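Structure record follows, encoded as structure tokens.
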Amino acid sequence: MTNIRRIVVLISGSGTNLQALIDAQNTPLLPNTEITLVLSNRKAAYGLTRAQHAIPSIPTAYLALQPYLKANPGKTRDDYDAEVAKIVLKENPDLVVLAGWMHVFGDGFLDLLYGVNTDTDSSVLRQPIPVINLHPALPGAFDGTNAIERAYEAFQKGEIKHSGVMVHKVVKAVDRGEPLIVREVLIEAGEPLESFEERLHKVEHEIIVEATKYMLDAVKPI
């Protein structure tokens, strides 16, 4: 049997990009690929339901920052990030995909995934696990939250003629990792925000699958 490429997907919301990945599993778009876990930092995220309703069903997990901090007095945001990393690492993934994950990771997560530091078993050497993120803006433009709305507003002011979407490698600087796939999306004069957002999301669904395949082919070729 050919080696299966394992991915873990992190979400915070409705999971439409997750659905694109689910639909692409074990098709020519994402051959020999299995989503082994979907983790959310929001209990009501519909993406968890999408995972549970997938055929076959995909295991899910939930861990939110504030409940974690309340349940663990003295723990920090970095401790939370490390706890998320440990959940992810248990899956032994080949790739981690942030698909609408609305929480900025710090050292606690990235150091464990990239193998910089580990408080597990230091005698076990392993390759860094790549982490990629989907962001609805072009490189260097509208980093952080509400990127779609900010781009639309900038267009109305005549500051830009188009925006776009990208999938990039995750580094500590928000949305500043190396871009893997970048697509421009025109903003049409007079169109409502909802129309622009809908067109942009369609492009997102395409490139998140493309970037996932690109990274998997690099770290675990078929």
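The structure displayed is predicted, hence computed values, not measured ones.
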What distance do Leu186 atom CG and Lys161 atom NZ have between them, rounded to the nearest 0.5 Å? 10.5 Å
Mind checking whether Val104 and Ile148 sit in one hydrophobic cluster, side chains of I, L, V, M, F, W, Y counted as touching below 4.5 Å? no
Residues Asn41 and His103: side-chain donor-acceptor under 3.5 angstrom: no
Please report the closest heavy-atom contact between Arg42 and Ser12, naming both atoms and the distance. CD-O, 3.1 Å
Of all heavy-atom pairs between Leu200 and Pro136, which one has the smallest distance, and what is that distance? CD2-CB, 3.6 Å
Short side-chain donor-acceptor distance under 3.5 Å, His201 and Asn17: no
Would you confirm whether Arg77, through its side chain, and Gly108, through its main-chain N or O, come within 3.5 Å as a donor-acceptor pair? no
Kindly say whether Lys43 contributes a backbone atom to a donor-acceptor pair with the side chain of Ser40 at under 3.5 angstrom? no
Could you walk me through whether Val167 and Asn133 pass side-chain contact (heavy atoms from CB on, under 4.5 Å), step by step? CA-CA 5 Å; Val167 178; Asn133 178 57; over 6 Å; no
Looking at side-chain heavy atoms only, is the closest gap between Val88 and Leu10 below 4.5 Å? yes
Between Arg183 and Glu206, does any NZ, NE, NH1 or NH2 come within less than 4.0 Å of an OD or OE carboxylate oxygen? yes
Between His205 and Thr16: side-chain donor-acceptor atoms closer than 3.5 Å: yes
Could you tell me which non-hydrogen atom of Val209 sits nearest to which non-hydrogen atom of Ala24, and how far apart they are? CG1-CB, 3.8 Å
Is there side-chain contact between Phe196 and Ser163, with heavy atoms separated by less than 4.5 Å? yes
Are any of the side-chain heavy atoms of Arg5 and Asp217 separated by less than 4.5 Å? yes
Does one hydrophobic cluster hold both Leu65 and Val38, with members joined at side-chain heavy-atom distances below 4.5 Å? no
Atom of Ala51, atom of Thr60 and distance for their closest heavy-atom approach: CB-CG2, 3.6 Å
Any chance the side chains of Thr36 and Glu91 put a donor and an acceptor closer than 3.5 Å? yes
Side chains of Glu188 and Ser195: does their closest heavy-atom pair fall under 4.5 Å? no
What verdict does the side-chain contact (heavy atoms from CB on, under 4.5 Å) test give for Leu216 and Thr33, after you've listed the backbone C-alpha separation in whole Å, the side-chain angles of each residue and the deciding distance to 0.1 Å? CA-CA 9 Å; Leu216 285 173; Thr33 300; 3.6 Å; yes
Donor-acceptor pair, Arg50 side chain versus Ile22 backbone, under 3.5 Å? no
Would you kindly confirm whether Ile7 and Ile181 end up in one hydrophobic cluster when ILVMFWY residues are joined by side chain heavy atoms under 4.5 Å apart? yes
With sequence neighbours left out, write down each residue that passes side-chain contact (heavy atoms from CB on, under 4.5 Å) with Ala137, or none if nothing qualifies. His135, Phe142, Ala147
Within the structure provided, determine whether Ile129 and Pro93 are in side-chain contact (heavy-atom separation under 4.5 Å). yes
Can you list, by chain and residue number, the hydrophobic cluster partners of Val182 when the side-chain cut-off is 4.5 Å? Leu138, Met166
Would you name the heavy atoms of Ala99 and Ile208 that are closest together and state the gap between them? CB-CD1, 3.6 Å
Can you tell me how far the CG atom of Leu89 sits from the CG atom of Asn92, to the nearest 0.5 Å? 8.5 Å
CD-OG1 distance between Glu210 and Thr212, expressed to the nearest 0.5 angstrom: 10.0 Å
Would you say Tyr114 and Val170 make side-chain contact, with heavy atoms under 4.5 Å? yes
Any donor and acceptor pair, going by atom type alone, linking the side chain of Asp81 with main-chain N or O of Phe105 inside 3.5 Å? no
Are any of the side-chain nitrogens in Lys220 or Asp94 under 4.0 Å away from the carboxylate oxygens of its partner? yes
Distance col, row Glu194:CD vs Glu197:CD, nearest 0.5 angstrom, shows 7.0 Å
Would you say Val203 ends up clustered with Tyr214 if hydrophobic residues are merged whenever their side chains have heavy atoms under 4.5 Å apart, either directly or through other cluster members? yes
Between Glu83 and Lys75, does any side-chain N to carboxylate O distance fall below 4.0 Å? no
Looking at side-chain heavy atoms only, is the closest gap between Asp143 and Arg176 below 4.5 Å? yes
Following the transitive rule for hydrophobic clusters with a side-chain heavy-atom cut-off under 4.5 Å over Ile, Leu, Val, Met, Phe, Trp and Tyr, establish whether Leu180 and Leu21 coincide in one cluster. yes
Worked verdict on Ile87 versus Val8 for side-chain contact (heavy atoms from CB on, under 4.5 Å): CA-CA 10 Å; Ile87 294 171; Val8 171; over 6 Å; no
Side-chain donor or acceptor of Thr27 paired with backbone N/O of Gln25 under 3.5 Å: no
How would you list, by chain and number, every residue that makes a side-chain contact (heavy atoms from CB on, under 4.5 Å) with Lys70, sequence neighbours excluded? none
Is the backbone N or O of Ile4 less than 3.5 Å from a side-chain atom of Asn32, with the two atoms forming a donor-acceptor pair by type? no
Any non-hydrogen side-chain atom of Ile58 less than 4.5 Å from a side-chain atom of Leu37? no
Do you know the tightest heavy-atom contact between Val131 and Phe109? CG2-CE2, 4.1 Å
List the steps, then state whether side-chain contact (heavy atoms from CB on, under 4.5 Å) holds for Tyr152 with Asn146. CA-CA 10 Å; Tyr152 182 80; Asn146 303 315; over 6 Å; no
